[in-house]
Trainee: 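Could you have a look at this structure, given as structure tokens, before my questions?
So you know, we letter chains A, B, ... as the sequences are listed, proteins then strands, and number each from 1. These numbers were taken from a predicted model, which means no experiment stands behind them.
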Protein chains: 2
Amino acid sequence: MSLVCVECPVRDRAACAVLEEDERNALARAGRMRDLKRNETLFAAGEPVSSCATLVSGALKVATMDAEGREQILALIHPAGFVGEFFRPFAEHDVIALSDSRLCVFAGPTMEQAIDAYPALARALLRRAQEDLHASRVLQALTGKASGKARVAALLLGFGQAASDSPCHPAAQFDLPLSRGEMANMLGLTIETVSRQITVLEREGAIARKGKRGIELVDPALLSEAAA
Amino acid sequence: MSLVCVECPVRDRAACAVLEEDERNALARAGRMRDLKRNETLFAAGEPVSSCATLVSGALKVATMDAEGREQILALIHPAGFVGEFFRPFAEHDVIALSDSRLCVFAGPTMEQAIDAYPALARALLRRAQEDLHASRVLQALTGKASGKARVAALLLGFGQAASDSPCHPAAQFDLPLSRGEMANMLGLTIETVSRQITVLEREGAIARKGKRGIELVDPALLSEAAA
DNA sequence: CGTCATCTTGAGCTGCATCAACTGACGTGG
DNA sequence: CCACGTCAGTTGATGCAGCTCAAGATGACG
């Protein structure tokens with residue numbers, strides 16, 4: 001399947017946005033679109049990885065299973081995000097679709113050749129890797145020693161930011177992209193604790209539940225105070 | 001000060017190792033050596049960063065302070081490691097010397113020009129960023145939901161690996177590069193808990209204390225079992 | 001020998017995990 | 001259309017791992 005970059009919703013935010021039109025088209029001819037259903041696995045930990053991809057729409061999670069079979073979510077991938085490691089023969093973590101998703105997939109050598117051919121692409125990928133690294137450390141700082149309430153509050157704020165168009169103000173209302181269980185796996189808590197802390201934050205007037213997945217940020221200031 | 005790559009202890013492991021001799025020398029002329037004493041700060045969170053560096057000897061920590069002024073260690077940098085973000089105007093985290101250290105420092109634009117001039121360098125930095133990202137996620141998985149004992153055991157094993165020449169077997173005996181407080185900050189525990197778990201592991205026969213900072217891995221298999 | 005920093009050990013308390021029951025939404029099949 | 005099962009979420013009761021506070025112990029150094 002050929003890619004139609006002209007219609008790509010992330011055409012000016014993804015790594016390939018730094019390429020010239022003809023370069024991008026050349027790269028696109030070497031890639032293909034792939035759709036994933038919710039909970040479908042893109043890469044499985046331990047399996048050989050010979051490809052990488054840009055997320056076009058939907059959302060992915062990067063996760064590991066511990067010895068007891070419990071999942072730990074290590075990162076979320078949003079549209080325009082990039083997954084796949086070039087320099088490792090095997091995937092270290094699972095990459096799974098959180099919702100129905102569409103990706104722009106490239107076979108391993110294709111992208112390696114491309115970063116040699118287009119220096120700007122290497123820069124763009126380096127930038128993205130550093131951003132991912134930063135995001136990982138921020139999450140680490142959060143789960144390191146914050147209280148359960150602070151973790152949940154910070155996660156809700158983060159979702160609000162992600163759901164907003166403006167980079168400074170969070171969306172007033174949005175749908176949670178994660179189930180309670182996924183939020184718990186991400187924060188190093190249990191389902192029950194997440195649920196309880198959401199209840200507490202609602203009772204304090206910081207947020208309000210809107211249906212099963214909807215959240216309204218009633219008092220963002222109060223919420224960010226709880227996240228401290 | 002000019003750099004003498006020929007004598008550099010990390011000359012074939014650092015990112016610049018991918019360069020040809022003359023390219024490397026050209027880059028070296030644009031950089032300079034810098035020595036840090038223990039606890040000296042290389043980058044401070046929030047301050048503008050206009051440089052990056054390869055660690056030649058010693059060790060660094062990447063850390064944040066939470067609202068209550070407690071430190072959280074997010075990553076350790078070992079010799080041949082690279083620090084500094086090109087694409088961000090301000091440092092997000094503190095970078096501090098854990099022991100007396102020597103770095104090979106480059107002013108911001110120097111390295112940016114170099115990655116454009118030498119595609120192999122961009123690849124090498126991308127590889128390093130992905131490795132850092134992986135290390136960050138491994139640490140995150142560890143601090144996510146493991147027990148105190150498992151965290152301490154895993155950290156000790158990691159130090160053993162790092163202190164060893166062989167990549168597969170850990171060193172039988174080594175000195176802890178971190179104080180109890182630093183280990184606690186890294187693992188999301190308290191000094192007391194770290195101390196207690198070390199005592200437990202010693203009582204179980206997995207390790208033995210050798211003086212103030214020395215650790216002997218009496219039974220590595222038992223230790224890695226405790227880390228599970 | 002005293003001082004200071006680091007580490008260890010003890011005792012009690014707290015926050016989160018665990019186990020368990022209940023609710024509501026949804027889908028399936030009789 | 002209703003009975004039923006399933007699944008996600010909520011709430012309650014209880015226990016324990018790790019935090020907190022406190023008191024030594026150990027070692028480095030002047």
Trainee: Would you kindly give the CG-to-P distance between A:Leu178 and D:dG9, to the nearest whole Å?
Mentor: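 These atoms are roughly 10 Å apart.
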
Trainee: Check this for me: does any side-chain nitrogen of one of A:Lys149 and A:Glu204 sit under 4.0 Å from a carboxylate oxygen of the other?
Mentor: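 Yes, this pair counts.
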
Trainee: Looking only at side-chain N and O atoms, does A:Thr143 offer a donor or acceptor that is under 3.5 Å from a partner on B:Gln140?
Mentor: no

Trainee: Expressed as a whole number of angstroms, how long is the span from A:Asn185:CG to D:dG9:P?
Mentor: 12 Å

Trainee: I want to check something: taking the side chain as every heavy atom from C-beta on, are B:Leu74 and B:Gln72 in contact at a cut-off of under 4.5 Å?
Mentor: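 Of all side-chain heavy-atom pairs linking B:Gln72 with B:Leu74, at least one is under 4.5 Å.
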
Trainee: Crowded around A:Arg128 CZ? As in, over 12 foreign heavy atoms under 6.0 Å?
Mentor: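 Counting neighbours around CZ of A:Arg128, more than 12 heavy atoms of other residues, nucleotides or ligands fall under 6.0 Å, so yes.
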
Trainee: Whole angstroms only, please: what is the CG-P distance between B:Leu201 and C:dT9?
Mentor: 13 Å

Trainee: Could you run down nucleotides 17-30 of chain D 5' to 3' and tag each one B, S or - for protein heavy-atom contact under 4.0 Å?
Mentor: -SSBB---------

Trainee: Indicate yes or no: does B:Arg137 engage A:Glu92 in a salt bridge with an N to O separation below 4.0 Å.
Mentor: no

Trainee: Please give, in whole Å, the distance from D:dA8 C1' to A:Met183 CE?
Mentor: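 Whole-Å distance recorded here is 13 Å.
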
Trainee: Taking the side chain of A:Arg209 as its heavy atoms from C-beta onward, which of D:dT10, D:dT11, C:dC7 lies nearest to it?
Mentor: D:dT10

Trainee: In the structure I gave you, are the side-chain heavy atoms of B:Val62 and B:Leu60 within less than 4.5 Å of one another anywhere?
Mentor: no

Trainee: Starting at atom CZ of B:Arg213, determine the distance to atom C1' of C:dT8, rounded to an integer number of angstrom.
Mentor: 15 Å

Trainee: When the distance from CD1 of B:Ile191 to P of C:dA5 is rounded to whole Å, what number comes out?
Mentor: 13 Å

Trainee: Just the rounded figure in Å: distance from P of D:dG9 to NZ of A:Lys210.
Mentor: 19 Å

Trainee: To the nearest Å, give me how far apart CG (A:Leu176) and P (D:dA8) are.
Mentor: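 My rounded result for the distance is 15 Å.
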
